[in-house]
Amino acid sequence: MRQPTGRAQRRGGGERKPREERWSELIEVATDVFYEKGYEAASLQDIADRLGMLKGSLYYYIQSKEDLLYDVIHSVHAEGLANIEALAAGEDDALQRLRSVIIGHIDHECRNMAKTAVFLHELQALAPERQAEIIGDEHAYRRVFSDLIQAGQAEGLIRADVSPKLAALGILGSVNWVYRWFRPGGEFTAREIGAQFADLAVRGLAESAALARSAEGQEKLAEGPGDESGAVAAGRKSPAKTRAAAAKPARRRAKTA
């Protein structure tokens, strides 16, 4: 468990630390309250009431409401970053890994709507130095995307004229907006949205030859075994033989006529 930033962090090493379960509950409840009321309107009393504890007891864990917001946003950022870093570390080529990251990021975002909203809405409420502590000078989220784009360029899969930084910003700008209009149980699932956004991004970045190879591979997967030996092995006639067999009776009828 990450050490809280508030009063518990300042206590001596021999003093009792907050229980992990209680701290996790505090972060979860604070996230929900900040989501429902907004950071400015929410109070520590609201959070204490939701937890069923005295407001004064919160100061065992934190020094201020901003401390709590910092810990909430830090937790959300770390969880989301771990998700896309794991997807980016796959064994596929860079273009496929980029596609997986986009789908996985949108899916994670839509399954964690409250967390996503608090992170994107309330980050600016933190002091600049605290924002920098969370995001980092190189913006860890953006770096995952830009690194994949650079890798795709090195592999000859992504156009050399693409700016990795601008492309990463463009992708993040679009995928991070999905939570504003996504509705669970709506017309599209999170993964369907992710797949379409990923296709749009990949088509805009990829070399034409890479797109052609990808389309050809998808076509072969859709068709299944196309050669005669594969069809025979599967216990079926090949499409060519089926068409020929259907044509033979027609030719015989034409001769007898």
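Excluded from the calculations below are hydrogen atoms, water molecules and symmetry mates; all remaining heavy atoms, backbone and side chain alike, are included.
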Check your understanding: In chain order, what residues pass the salt bridge (charged side-chain N to carboxylate O under 4.0 Å, His left out) check against Lys165, with sequence neighbours excluded?
Key -> none
Let me have the donor-acceptor pairs involving side chains of residues 102-120, under 3.5 Å, with sequence neighbours excluded, atom names and distances please.
| residue | atom | partner | partner atom | Å |
| --- | --- | --- | --- | --- |
| His105 | NE2 | Asn176 | OD1 | 2.9 |
| Asp107 | OD2 | Arg111 | NE | 3.1 |
| Glu109 | OE2 | Tyr179 | N | 3.0 |
| Asn112 | ND2 | His108 | O | 2.8 |
| Lys115 | NZ | Glu79 | OE1 | 3.0 |
| Thr116 | OG1 | Glu109 | O | 3.3 |
| Thr116 | OG1 | Asn112 | O | 2.9 |

Review point. For residues Tyr39 and Glu66, is any side-chain donor paired with an opposing acceptor at under 3.5 Å?
Key: no
Practice item. Kindly determine whether Glu25 and Leu51 satisfy side chain to side chain contact (heavy atoms under 4.5 Å, CB included), including the steps that lead there. Key: CA-CA 8 Å; Glu25 185 183 8; Leu51 284 165; 3.6 Å; yes
Point to revise | Short N-O contact, Arg143 and Glu85, less than 4.0 angstrom | key: no
Review point. For the rings on His121 and Tyr35, is their centre-to-centre separation under 6.0 Å?
Key: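 Distance test on ring centres: not under 6.0 Å, no.
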Check your understanding: With a 4.5 Å limit on heavy-atom distance, are the side chains of Arg130 and Asp67 in contact?
Key -> yes
**Study point:** side chain to side chain donor-acceptor pair (under 3.5 Å) partner of Tyr70, the single match among Lys65, Glu133, Gln131
**Key:**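 Testing Tyr70 for a side chain to side chain donor-acceptor pair (under 3.5 Å) against Lys65, Glu133, Gln131 leaves exactly one candidate, Glu133.
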Could you pull out every donor-acceptor pair under 3.5 Å between side chains of residues 183-200 and any protein atom, sequence neighbours left out?
| residue | atom | partner | partner atom | Å |
| --- | --- | --- | --- | --- |
| Thr189 | OG1 | Glu192 | N | 3.1 |
| Glu192 | OE1 | Thr189 | N | 3.0 |
| Asp199 | OD1 | Arg99 | NE | 3.0 |
| Asp199 | OD1 | Arg99 | NH2 | 3.0 |

Check your understanding: Which is it for Asn83 and Val101 under the side chain to side chain contact (heavy atoms under 4.5 Å, CB included) test, yes or no, and what are the steps along the way?
Key -> CA-CA 8 Å; Asn83 175 58; Val101 165; over 6 Å; no
Review point. When you measure from the side chain of Arg159 to the backbone N and O of Glu207, does any donor-acceptor pair fall under 3.5 Å?
Key: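 Flag not set: sc Arg159 to bb Glu207 has no pair under 3.5 Å.
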Check your understanding: Any idea which heavy atoms bring Ala41 and Asp46 closest together, and the distance?
Key ->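 Taking Ala41 first and Asp46 second, the nearest heavy atoms are O-OD2, 4.1 Å.
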